[in-house]
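Remember, it's 1-based here, ligands and their atoms both numbered in the order they're listed.
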Amino acid sequence: MKLAKTVAEVKEAVRQWKKEGLSIGLVPTMGYLHEGHKCLIDRAVKENDRVIVSDFVNPIQFGPKEDLASYPRDIEADCKLCEDSGADIVFNPEVEEMYAENFTTFVDTTGVTEELCGKSRPTHFRGVCTVVSKLFNISEADRAYFGQKDAQQLAVIRRMVRDLNMNIEIIGCPIIREKDGLAKSSRNTYLSKEEREAALVLSKAINAGKKMIEEGERDGDKVLSEMRKIVEQEKLARIDYIEMVKWDSIEIHHKVDQPVLVAMAVFIGKTRLIDNFIWE
Ligand code: AMP
């Protein structure tokens with residue numbers, strides 16, 4: 001496995017692979033890899049001849065008051081996980097390699113980015129779409145793998161690929177959780193022991209909402225109000241949002257009468273965690 005620091009190194013490998021007629025899978029990540037990421041990499045390895053894992057904390061998807069500086073990093077451990085999983089390249093560029101001083105081109109997907117995380121992080125998806133477009137161009141991948149953990153991101157990327165006729169298949173993968181239910185996240189490392197305990201309130205609310213719908217409840221507001229009640233019982237939790245939206249368009253929706261995404265962002269202390277479920 002190769003650790004590539006430059007765009008040119010990746011492009012050179014891709015050129016060779018294309019000449020040999022090999023298929024390429026891409027797994028975009030911000031590093032500090034865990035089993036959620038591993039699940040995407042394993043699937044990419046299974047479905048493609050060659051796999052590139054990008055490992056890049058993308059500054060332009062962070063807001064000015066967010067955790068860019070403190071975001072956890074461990075490239076050595078990441079490389080080991082990627083090598084053990086059978087990836088071929090870990091692409092870990094410096095910021096200057098991805099964004100030249102006079103970088104002025106952005107990809108802005110509207111509509112699907114307005115609700116949920118787009119509301120509290122207004123420049124986030126513009127940063128995501130821009131870096132993901134660059135990674136698609138650099139890797140010339142046939143398939144790219146994204147987790148349902150970031151469900152709105154998955155919907156936004158699908159929309160971008162459709163709208164801009166990008167030649168790539170987007171594969172969504174299920175949420176991987178800790179044994180006690182907490183969705184795995186690089187940001188879980190921020191949690192103190194007490195906060196880690198309190199963070200269970202997210203998956204508790206997710207399970208309760210899912211159960212209500214499975215048992216026949218079709219009034220979205222009733223489901224959300226039960227979920228909010230559960231989260232509000234936890235002293236260390238502060239709700240950013242708990243909403244139901246149409247799964248394809250990410251528009252607020254009140255009835256469970258079509259595929260819906262029920263999603264939440266909750267601060268546990270200073271750490272903002274997300275979780276969701278999709279009902280189809
Ligand atoms: P990140 O490094 O947090 O930007 O995540 C990179 C990719 O891994 C995204 O597509 C995420 O949705 C996915 N991912 C992160 N955590 C999980 C998880 N617990 N289960 C499944 N996918 C995940």
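- When heavy-atom distances to ligand 1 are checked against a 4.0 Å cut-off, Arg177 has no atom that comes that close, whether in backbone or side chain.
- Remark: the Ser192 side chain and the Glu194 side chain contain no N/O donor-acceptor pair separated by less than 3.5 Å.
- Here Leu40 has side-chain heavy atoms under 4.0 Å from ligand 1, and that is the only part of it that gets that close.
- The backbone and the side chain of Lys184 each have at least one atom closer than 4.0 Å to an atom of ligand 1 (non-hydrogen atoms only).
- Near Gln153, meaning under 4.0 Å from one of its heavy atoms, ligand 1 places the atoms 9 (C), 10 (O).
- The closest side-chain donor-acceptor pair between Glu47 and Tyr145 falls under 3.5 angstrom.
- If you look at Glu35 next to ligand 1, there are no close heavy atoms at all, none under 4.0 Å.
- Each of the following atoms of ligand 1 lies closer than 4.0 Å to a heavy atom of Gly147: 9 (C), 10 (O), 11 (C), 12 (O), 13 (C), 22 (N).
- For ligand 1, the polar-atom distance check finds no N/O of Thr29 at less than 3.5 Å from any of the ligand's N/O atoms.
- Short contacts between ligand 1 and Ile176, defined as distances under 4.0 Å to a heavy atom of the residue, involve ligand atoms 18 (C), 19 (N), 20 (N), 21 (C).
- Closest heavy-atom approach to atom 15 (C) of ligand 1 within the set Gln61, Arg187, Lys38, His34: this belongs to His34.
- With a 6.0 Å cutoff to the six-membered ring centre and a 45° limit on the axis angle, Lys134 counts as a cation-pi contact of Tyr99.
- Remark: minimum distance from atom 12 (O) of ligand 1 to any protein heavy atom is reached at Asp150 OD1, 2.6 Å.
- Taking atom 5 (O) of ligand 1 as the reference point, the nearest protein heavy-atom neighbour is His37 NE2, 3.4 Å.
- A side-chain donor from one of Arg143 and Asn48 sits under 3.5 Å from a side-chain acceptor of the other.
- Shortest non-hydrogen contact noted between Ser203 and Asp180 is OG-O, 4.3 Å.
- Polar contact check, Tyr145 against ligand 1: no nitrogen or oxygen pair lies under 3.5 Å apart.
- Between Lys149 and ligand 1, no N or O atom pair is found at a separation short of 3.5 Å.
- Contact annotation: Gln148 has no heavy atom less than 4.0 Å from any atom of ligand 1.
- Numbered from 1 in the order shown, with element, the atoms of ligand 1 that lie under 4.0 Å from a heavy atom of Pro28 read 6 (C), 7 (C).
- There is a side-chain donor-acceptor pair under 3.5 Å between Tyr190 and Asp67.
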| field | Derivation of the side-chain contact (heavy atoms from CB on, under 4.5 Å) call for Phe91 and Lys2 | value | CA-CA 8 Å; Phe91 178 43; Lys2 183 181 171 67; over 6 Å; no
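- For ligand 1 and Ile175, the ligand atoms under 4.0 Å from any heavy atom of the residue are 20 (N), 21 (C).
- Within the 4.0 Å heavy-atom criterion, the part of Pro174 lying near ligand 1 is the backbone and not the side chain.
- Side chains of Asp240 and Ser120: a donor-acceptor N/O pair is present below 3.5 angstrom, by distance only.
- In this structure, Glu9 contributes its side chain and Lys5 its backbone to a donor-acceptor pair below 3.5 Å.
- No N or O atom of Phe146 sits closer than 3.5 Å to an N or O atom of ligand 1.
- Using a 4.0 Å cut-off between heavy atoms, Ser186 makes no contact with ligand 1 at all.
- Within the 3.5 Å criterion, the main-chain N or O of Ser23 finds a donor-acceptor partner in the side chain of Asp49.
- The N/O atoms of Met30, backbone and side chain alike, include one that comes under 3.5 Å of an N/O atom in ligand 1.
- Between His34 and His37, the angle of the ring planes lies from 30° to 60°, which puts this pair in the tilted group.
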